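To keep things clear, I will list the structure first and then write my remarks on it.
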Protein chains: 2
Amino acid sequence: MPFIPLFIKPMIHRVLLSLGLFLCIYMNTAAQQPIPIPTPAQLQWQQAELAALVCWDLHVFDGEFYVQPKARITPVEDYNAFNPEKYDMDQWIRSLKDAGFKIAIFTVSHETGFFFHQSNATPYSMKAVKWQDGQGDILRDFKVACEKYDILPAVYIGTRWNAFYGVYDFKVQGDNEFARNRQQHYNQMIEEIVEEIFTNYGDWAMVWFDGGAHGPEQGGPDVLSIFEQHQPNSIFYHNLQRADIRWGGSETGTVPYPSWGTFPYPAIGAGESARKEIGANNFQLLKTGDPNGAYYMPAMSDAPLRGSGGHDWFWEPNRAHIIYPLENLVDMYYQSVGHNSTLILGVTPNPDGLMPDPDVKRLKEFGDEINRRFSNPLARISGTGNTVSLVLDSAQRIDQIVLQEDIAYGERVREFILEAEIDGKWTVVYTGSSIGHKHIVKIDPVRTGKIRFVSQSSIGEPQLKALSVYKIDPLR
Amino acid sequence: MPFIPLFIKPMIHRVLLSLGLFLCIYMNTAAQQPIPIPTPAQLQWQQAELAALVCWDLHVFDGEFYVQPKARITPVEDYNAFNPEKYDMDQWIRSLKDAGFKIAIFTVSHETGFFFHQSNATPYSMKAVKWQDGQGDILRDFKVACEKYDILPAVYIGTRWNAFYGVYDFKVQGDNEFARNRQQHYNQMIEEIVEEIFTNYGDWAMVWFDGGAHGPEQGGPDVLSIFEQHQPNSIFYHNLQRADIRWGGSETGTVPYPSWGTFPYPAIGAGESARKEIGANNFQLLKTGDPNGAYYMPAMSDAPLRGSGGHDWFWEPNRAHIIYPLENLVDMYYQSVGHNSTLILGVTPNPDGLMPDPDVKRLKEFGDEINRRFSNPLARISGTGNTVSLVLDSAQRIDQIVLQEDIAYGERVREFILEAEIDGKWTVVYTGSSIGHKHIVKIDPVRTGKIRFVSQSSIGEPQLKALSVYKIDPLR
């Protein structure tokens with residue numbers, strides 16, 4: 001084993017982290033080619049596979065259809081429209097748990113400027129509303145419920161837009177000294193808010209700055225330092241210096257294949273601040289990643305659950321009909337989780353304060369179907385090296401194969417084939433490239449008693465965490 | 001008596017008010033020249049004579065010296081700096097009562113944008129702060145204490161500047177659609193705030209919109225309609241349509257003599273919106289008024305108590321030395337109350353939440369001195385007609401005379417003399433013009449047993465409420 005033994009890895013991580021080295025690598029002693037590896041937080045993130053982005057903002061309560069460009073420049077008329085009378089956070093998180101989500105991300109703020117936590121840094125937050133006599137704290141309720149249901153909690157913080165304070169694309173409106181003073185005030189306010197969120201609620205599995213977080217070099221707040229100080233073991237997404245995960249380049253809940261977990265730049269930027277190479281060809285680089293990228297930064301595949309014939313991240317009246325059909329969600333799963341990416345489904349509680357019944361039902365159907373398909377492989381094996389073989393008890397008909405690298409050692413496989421022994425002869429049933437955390441392969445059904453993975457190109461020795469075979473009846 | 005009998009006046013006022021006619025007049029049947037008369041609220045205001053403007057805002061708590069132009073364009077860094085640990089509203093109002101003030105005006109907001117009341121319209125208000133767990137309501141405490149001490153409560157509402165929201169001289173900063181939307185939002189927010197202040201706290205003796213209130217015709221909120229609906233018996237100060245009182249043209253606590261209670265325009269405007277005729281010659285018209293003005297609109301004489309070698313409306317550290325000396329305050333009284341104007345002294349509680357001891361002491365000295373001088377006239381008489389004579393029990397030395405018209409009938413006297421019978425001969429001791437609510441006359445001391453007022457020119461028959469004579473030893 002040329003690799004650093006597992007038991008000293010945590011120590012190395014700590015040393016690397018303490019040195020501020022977020023580019024963690026193993027040196028392949030043979031080729032001396034560095035292999036980017038995930039931090040423990042990234043590892044946890046990848047292993048979770050399914051995340052729910054719980055979207056809420058004041059405009060959910062205004063009874064009007066949300067038009068994002070208009071909402072970004074129009075303050076909410078009455079913040080006391082926020083009055084979820086049947087509010088039941090437990091129901092939200094239970095519905096996510098029941099659907100198999102491992103991570104939940106809550107939008108403590110989005111674009112109205114309102115923050116759903118108890119804040120002493122911004123008055124435009126829970127203290128302001130009549131609801132629960134201004135004592136409410138949705139973020140705390142969310143954290144508590146996540147802990148109860150063993151869901152990893154994460155937080156989404158919108159600072160780029162603030163229709164209340166007059167912030168557009170990070171910039172306080174106006175060009176005079178007043179605007180510059182208010183920008184400074186806004187930046188400080190954001191830093192204080194972020195510190196509240198990072199210190200008053202315990203650990204977050206992931207922190208998502210919507211549209212990136214402009215740092216001081218762009219005239220913005222320094223949220224990265226606050227993150228590093230208070231959430232050193234979390235995932236930071238993202239600013240111009242750092243992104244621990246990357247947007248998958250679309251809001252379709254999918255990434256193409258291959259989608260490598262590595263990326264050539266330490267950050268992806270956003271909007272005008274994105275590199276040309278990243279934005280080019282409809283964000284192709286975000287979608288595919290780069291097998292030779294020096295940074296471990298897997299893609300996320302995000303989509304709103306209410307995205308079939310619409311694209312509602314936020315609850316709107318009478319829109320249950322655009323909830324994705326089950327088959328679309330399952331397909332999404334194959335093209336996200338099955339492509340080495342995290343599926344992030346946007347869900348949105350209604351103005352009553354409940355996850356709507358049709359959404360809960362569909363989520364449950366989705367979770368049940370994924371569970372039905374993948375919880376019981378016909379057989380499974382793990383192994384190290386260029387060939388890993390799986391021998392079944394008896395010849396069986398198989399139609400899907402799940403491959404997983406142990407990405408604690410980095411993504412190593414570059415090219416591989418899957419072979420099945422059919423009629424005593426090894427037959428190629430699939431030719432692939434990336435595996436990463438997970439690759440789900442649909443093959444033409446074959447009857448076989450032996451399946452093997454053969455690496456044809458890798459950086460370092462392949463570490464296969466799982467080779468699992470399934471017989472799935474998609475029609476059931 | 002050509003005048004409308006007193007007992008039907010209230011009815012007429014109600015009729016006029018209900019017709020929206022704020023220009024109240026009596027017709028002088030002889031000359032057919034209209035005589036503007038005060039509303040009951042204006043009458044009450046004039047009779048009160050002494051008002052305290054209680055100034056507070058967040059920057060009182062920042063420990064830094066207040067520089068108004070800078071503060072107007074710089075949001076307060078930490079609104080939780082507001083933490084008056086020894087807060088005692090009772091002490092504030094008691095100190096005003098003890099000093100003889102009849103009206104107290106509280107700055108529910110000034111220029112930071114923060115409102116000192118429990119609001120559901122702006123989050124930047126008492127709910128936001130940690131102090132009293134966000135349950136505090138300085139405005140309510142103020143109202144309650146005023147009632148306890150039989151002080152007329154009034155409220156000062158700053159909407160022209162809002163360093164937090166980004167409002168400069170009524171205008172939300174920026175020139176794009178976002179700014180226009182935020183202007184609309186701000187206007188609506190102000191209307192809602194004003195409605196809260198006008199409906200949740202009972203009646204106000206006077207309502208002061210700082211720097212005027214831009215109405216809808218200037219792209220501002222329509223606060224006048226809300227005032228008319230909810231505070232119809234109060235004093236409105238002011239917007240481009242209406243001003244029930246007028247600024248006295250300086251912040252020296254004085255107006256010149258004469259300062260007529262009438263004005264040729266229904267409003268005075270502010271800043272750029274002021275008429276040229278009003279702003280001309282250092283606001284001369286505001287100072288003097290116009291005896292032929294069709295609108296009853298007496299002048300106020302405002303000055304900060306901490307105005308001697310400085311001009312601090314708001315508390316600053318280590319500035320007790322600029323509290324006006326007693327003799328200045330007494331002189332101010334003569335040149336304000338004694339000139340038919342209301343003296344408005346600015347007082348400001350300290351960051352502990354107390355009216356500072358040196359200020360309280362000086363206010364008390366001031367009240368005591370005014371009381372000493374004027375509470376016990378040697379003699380007093382009232383009367384109607386061109387000549388009103390006062391016969392003393394015996395010849396005495398007098399040095400000051402106080403004249404008062406019954407301004408319920410309007411200001412009528414235009415020119416007059418005061419004569420004393422000296423050695424059996426009427427001798428002119430003073431020649432004056434305006435009297436109005438009160439004119440205090442210092443004369444060269446004379447020894448006399450008879451004093452008379454002789455009107456030389458008036459609009460309608462003079463209605464003298466008081467002719468009082470005093471022997472005052474200013475050196476005591």
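Computed from a prediction, not measured in an experiment: that's the story for all the values here.
For chain B, no part of A:R180 is nearby; none of its heavy atoms comes within less than 4.5 Å. In this structure, chain B has no heavy atom under 4.5 Å from any part of A:V172. If you measure heavy-atom distances from A:Q188 to chain B, the contacts under 4.5 Å come from the side chain alone. Of the atoms belonging to A:D175, not a single heavy atom falls under 4.5 Å from chain B.
More than 12 heavy atoms of other residues, nucleotides or ligands sit less than 6.0 Å from atom CD of B:E251. Residue-environment remark: CD (B:E217) exceeds the threshold of 12 foreign heavy atoms within 6.0 Å.
Considering all non-hydrogen atoms of both residues, A:F164 and B:P123 come closest at CZ-CG, 3.6 Å. Minimum interatomic distance between B:Q135 and A:Q135 (heavy atoms only, all atoms of both residues): NE2-NE2, 4.0 Å.
In terms of heavy-atom pairs under 4.5 Å with chain A, the best-connected choice from B:E192, B:K130, B:Q184, B:E177 is B:K130. Contacts with chain B were tallied for A:T122, A:V129, A:D78; A:T122 has the most, counting heavy-atom pairs under 4.5 Å. Interface check for chain A: of the options B:A121, B:A128, B:P75, the most heavy-atom pairs under 4.5 Å are formed by B:P75. Contact count versus chain B (heavy atoms, under 4.5 Å) is highest, among A:G174, A:G134, A:G166, for A:G166. Among A:D133, A:V76, A:T74, A:N120, the residue with the largest count of heavy-atom pairs under 4.5 Å with chain B is A:N120.
With B:R182 contributing its side chain and A:I73 its backbone, the two residues share no donor-acceptor pair below 3.5 Å.
Separation of the A:Y124 and B:Y124 ring centroids does not fall under the 6.0 Å cut-off.
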